[in-house]
Amino acid sequence: MIEAWSPEDVYAAEAALESELASGELMARAAEGLADVVAARASQLEVESVVALVGGGNNGADALYAVAHLADAGLRCAAAVVPGRVHEEALAAARAAGVVIVSGAEALEDIAEADIVVDGILGLGGRPGLPEHAVAWVEAIAEDAHVVAVDVPSGQAADGSVFDADGVLADETVTFSVPKPVHLLPPTEQACGALTVVDIGLTFDVEPSVRRLTFDDVADWWPVPGPDDDKYSRGVLGIVAGGENYTGAAVLAVTAAVEAGAGMVRYVGTPTPVGLVRAAVPEAVIGEGRVQAWVVGPGLETSSTRRDARAQLEVARRALAGEEPVLVDAGGLELVDDGVVEARRGRATLLTPHAGELARLLTRLGPTPRARNRPTVERAAVEAEPVRYARLLAERTGMTVLLKGATTVVVSPDSDVSVWSQSDAPSWLATAGAGDVLAGLVGMLLAAGVPAAEAGALGALVHGVAADRTGRGGPVRALRVAHGIPDAVAHLLARR
Ligand SMILES: NC(=O)C1=CN([C@@H]2O[C@H](COP(=O)(O)OP(=O)(O)OC[C@H]3O[C@@H](n4cnc5c(N)ncnc54)[C@H](OP(=O)(O)O)[C@@H]3O)[C@@H](O)[C@H]2O)[C@@H](O)CC1
Ligand SMILES: Nc1ncnc2c1ncn2[C@@H]1O[C@H](COP(=O)(O)OP(=O)(O)O)[C@@H](O)[C@H]1O
């Protein structure tokens, strides 16, 4: 598991450790680790000119001490500074080691010619956006330069909340002791490149803000049946999905649940998808019955006036009113109102919208049940600040929210619980029907007893790996992702 702590928690851990160490020791460890990474990269890339972009805080000091080490080691180093706004001891150390200190136009020339740029403008203490003087520095970086961010790519929010397209976009980031939210969350993760964590000795006795499951965690988490299991003890999943228009969603969700290893899947639909499911997934049992969890919504048509569609909707509503865990996706999200919110208090519910669905649902629900003013939430706003909006929906509904995207986040209604962030899928997975597959897969995990947030994270990981292994670098269609789940699970379980 990869875990990230918030800037506040990191500052607290730093203060606790600093009181036990000689002054400057932590920064010395950070700078040494940073210098080792940059030296290794210079050697791999067979280049020798390094320019540090130096801000006025400790992040800039790390960069200065690091280039001092690199100059000692024989690399050609310069540091761009704003005179008077720089850590004086670090500046003296860099100068003494032979680092050329530059500012103004001279700095821009050196930056443009550098093979490696070390970004020490802003770190953990940075607010989103670049300082004015640093805009020209960042613009001057050559296209083919290798950019190493110190702790946080400057301009990006350290808590992962806001992405700055004009900020630093690093090829790699070197951080200290533990990852921070900026490294794991959308939208900022894209600015970090490859991540190296240098251990400087900080320890934490508080929960991380963000967690990410890795391939090696799957064997510990996946519900593997034992000799005493039967199909019922493994968990029966009820799926209410598909309609006379969206027939395929039913086939995809049911196929994924069966392929993921559900003890049994009961499918509730209208005549056309029932016929298709019967033909495509003979293992599925048609009709309502006792289940351990429900998936409600893929391809569900909530406005159909057909008698069979209304009967199907009644089952969906019964599921939402019942005790069993429910995953609510696509059309099912249209059934979520304040009555459902009330009825499901204290019961496991996982909403799985994409950004557009989340925006629509938040707009419809409004900020509070009786709010007169219901501002429209735009899809673009959700895409810009996914965790913030997923949290708003989780808090508004008391339900766990899995927000789908290139990086999928899972946010619990309790703000003290870590956010899950999974980024395991190839971009090929952005294809119609992939969400229906995810719903069936995660539904199976709920039926097997995996808690909602963990089921969401685990399901997102396996979904991504199934797409990756099925597509082998090329396109994937959703049905093949569903059929690829057993291979993905077997592959991940074999890592035990
Ligand atoms: N924590 C650890 O464990 C360790 C941390 N270490 C290192 O320390 C780094 C954190 O250092 P830091 O606290 O000095 O913050 P940093 O980001 O360098 O600068 C803040 C300054 O910038 C300013 N400022 C902010 N945003 C701005 C903006 N948008 N535009 C303009 N100005 C802006 C801000 O001004 P203010 O908001 O106060 O007015 C303040 O003066 C950390 O990332 C790591 O590299 C290691 O050495 C050892 C272990
Ligand atoms: N750029 C991307 N890279 C990787 N995965 C993506 C990307 N965009 C979307 N996905 C994943 O693809 C799936 C799409 O789901 P969804 O939008 O609900 O599709 P549908 O409703 O057609 O089934 C989600 O699991 C999402 O996380």
Side-chain angles (χ1 to χ4, degrees), residues 5 7-18 21 24-31 33-34 54-66 82 85 87 90 119-135 149-152 154-158 164 167 173-178 180 182 186 198 200-202 246 248-249 252-253 256 297-299 329-331 333 352-357 402-409 422-442 456 459-460 463-464 467-468 476 478 481:
W5 273 266
E8 298 73 37
D9 290 340
V10 173
Y11 277 125
E14 180 190 9
L17 183 58
E18 240 167 11
L21 297 174
E25 170 64 19
L26 269 187
M27 191 175 278
R29 290 179 189 178
L34 171 62
V54 178
N58 288 342
N59 193 246
D62 286 348
L64 278 171
Y65 282 122
V82 176
R85 289 222 307 252
H87 190 290
D119 157 36
I121 302 167
L122 291 172
L124 268 193
R127 295 182 301 277
L130 288 174
E132 228 173 273
H133 71 266
V135 172
V150 184
D151 214 9
V152 176
S154 300
Q156 316 302 343
D164 176 8
T173 297
V174 177
T175 193
F176 308 116
S177 271
V178 290
K180 320 296 179 312
V182 61
V198 171
I200 59 167
L202 302 188
Y246 297 114
L252 291 164
D329 185 43
L333 296 167
T352 60
H354 54 58
E357 289 166 338
L402 178 154
L403 174 56
K404 292 180 278 198
T407 298
T408 290
V409 293
Q422 295 299 139
S423 187
D424 311 285
S427 304
W428 296 107
L429 191 56
T431 178
D436 308 326
V437 171
L438 181 73
L441 166 55
V442 175
H463 190 228
D468 212 24
V476 279
V481 176

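Because the structure is predicted, anything quoted here is derived from the model rather than measured. Both counts, for ligands and for their atoms, begin at 1 and track the order of listing. We use all heavy atoms of the structure for the numbers below, so side chains are in, but hydrogens, waters and symmetry mates are not.
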Practice prompt. Start with the C-alpha gap between T408 and L402, add the side-chain angles, then the distance that decides, and say whether side chain to side chain contact (heavy atoms under 4.5 Å, CB included) holds.
Written response: CA-CA 7 Å; T408 290; L402 178 154; 3.6 Å; yes
Fill in: Those atoms of ligand 1 less than 4.0 Å from some heavy atom in G57
14 (O), 18 (O), 19 (O)
Worksheet item: Under 4.0 Å from any heavy atom of A425, which atoms of ligand 2 are there?
Response: 4 (C), 5 (N)
Practice prompt. Using heavy-atom distances, let me know which of H354, H463, E357, Q422 sits nearest atom 25 (O) of ligand 2.
Written response: H463
Response to the item:
Quick note on ligand 1: atoms under 4.0 Å from a heavy atom of D151 include exactly 42 (C), 43 (O), 44 (C), 45 (O)
Fill in: Nitrogen or oxygen of F176 less than 3.5 angstrom from that of ligand 1
no
Worksheet item: Based purely on interatomic distance, does L429 place a nitrogen or oxygen under 3.5 Å from a nitrogen or oxygen of ligand 2?
Response: yes
Worksheet item: So which heavy atom in the protein is nearest atom 36 (P) of ligand 1, and how far is it from that ligand atom?
Response: R127 NH1, 3.5 Å
Worksheet item: Does the side chain of V198 come within less than 4.5 Å of R29's, by heavy atoms?
Response: no
Worksheet entry | Within-4.5 Å side-chain heavy-atom neighbours: L124 and V10 | yes
Worksheet item: Heavy atoms of the protein only: does one fall short of 4.0 Å from atom 41 (O) of ligand 1?
Response: no
Practice prompt. Among all protein heavy atoms, pick out the one at the shortest distance from atom 8 (N) of ligand 2; state its residue, atom name and that distance to 0.1 Å.
Written response: A430 CB, 3.4 Å
Worksheet item: For ligand 1, which atoms sit closer than 4.0 Å to a heavy atom of G126?
Response: 17 (O), 25 (C), 26 (N)
Worksheet item: Less than 4.0 Å between atom 38 (O) of ligand 1 and some protein heavy atom, yes or no?
Response: no
Worksheet, complete the sentence: Of G405, P353, G297, the residue with the heavy atom nearest atom 27 (O) of ligand 2 is G405
Worksheet item: Is F176 close to D151 at the side-chain level, that is, under 4.5 Å between some pair of heavy atoms?
Response: yes
Discussion item. I'd like to check E25 versus E18 (side-chain heavy atoms, cut-off strictly below 4.5 Å). Are they in contact?
Written reply: no
Practice prompt. Distance to 0.1 Å, residue and atom name: give those for the protein heavy atom nearest to atom 11 (O) of ligand 1.
Written response: N58 CB, 3.2 Å
Practice prompt. Report yes if some heavy atom in the side chain of M27 is under 4.5 Å from a heavy atom in the side chain of Y65; otherwise report no.
Written response: yes
Practice prompt. Return the residue, atom name and 0.1 Å-rounded distance of the protein heavy atom closest to atom 21 (O) of ligand 2.
Written response: D436 OD1, 4.4 Å
Item to complete: Write out the residue and atom name of the closest protein heavy atom to atom 5 (C) of ligand 1, then the distance separating them to 0.1 Å.
Response: E14 OE2, 3.9 Å
Worksheet item: Does some side-chain heavy atom of P298 sit less than 4.5 Å from a side-chain heavy atom of L252?
Response: no
Worksheet item: Below 4.5 Å, heavy atoms only, C-beta onward: do D424 and D468 meet side chain to side chain?
Response: no
Discussion item. Which of the numbered atoms in ligand 1 are under 4.0 angstrom from any heavy atom belonging to D62?
Written reply: 6 (N), 7 (C), 44 (C), 45 (O), 46 (C), 47 (O)
Practice prompt. Enter the distance from L26:CG to I200:CD1 here, rounded to the nearest 0.5 Å.
Written response: 4.5 Å
Worksheet item: Which atoms of ligand 1 sit under 4.0 Å from any heavy atom of G129?
Response: 28 (C), 29 (N)
Fill in: From the candidates G125, S177, A61, the one that places a heavy atom nearest atom 20 (C) of ligand 1
G125
Practice prompt. Specify the protein heavy atom at minimum distance from atom 19 (O) of ligand 2: its residue, its atom name, and the distance to 0.1 Å.
Written response: G435 N, 3.5 Å
Worksheet item: Hey, is P426 touching ligand 2 through its side chain, its backbone, both or neither, going by heavy atoms under 4.0 Å?
Response: backbone
Worksheet item: Who's the nearest protein heavy-atom neighbour of atom 24 (C) of ligand 2, and how far?
Response: K404 CD, 3.6 Å
Item to complete: Go through ligand 2 atom by atom and flag the ones less than 4.0 Å from a non-hydrogen atom of T408.
Response: 27 (O)
Item to complete: Pull out every atom of ligand 1 sitting under 4.0 Å from any heavy atom of L122, numbered as shown with elements.
Response: 17 (O), 22 (O), 24 (N), 25 (C), 26 (N), 27 (C), 28 (C), 29 (N), 33 (C)
Worksheet item: Is it true that D329 and K404 have a side-chain N and a carboxylate O under 4.0 angstrom from each other?
Response: yes
Worksheet item: Side chain, backbone, both or neither: which part of L202 comes within less than 4.0 Å of ligand 1 when only heavy atoms are counted?
Response: side chain
Response to the item:
Note: ligand 1 atoms sitting under 4.0 Å from heavy atoms of V10 are 1 (N), 3 (O)
Item to complete: For atom 1 (N) of ligand 2, grab the closest protein heavy atom and report residue, atom and distance to one decimal in Å.
Response: A406 CB, 3.6 Å
Worksheet item: Which residue supplies the protein heavy atom nearest to atom 17 (O) of ligand 1, what is that atom called, and how far is it?
Response: G123 N, 2.6 Å
Worksheet entry | For atom 9 (C) of ligand 1, the protein heavy atom that lies nearest, with its residue and separation | N59 N, 3.6 Å
Practice prompt. Taking atom 25 (C) of ligand 1 as the reference point, report whether a protein heavy atom occurs under 4.0 Å from it.
Written response: yes
Worksheet entry | Nearest neighbour in protein (non-hydrogen) for atom 12 (P) of ligand 1 | Y11 OH, 3.6 Å
Worksheet item: Going by the atom numbers of ligand 1, which of them fall below 4.0 Å from some non-hydrogen atom of I200?
Response: 49 (C)
Worksheet item: Should V152 and L122 count as side-chain neighbours, where that means a heavy-atom distance under 4.5 Å?
Response: no
Worksheet entry | Test item, A249 contacting ligand 2 (heavy atom, 4.0 angstrom) | no
Practice prompt. Run down the list G433, A434, S427 and name the one with the heavy atom closest to atom 3 (N) of ligand 2.
Written response: S427
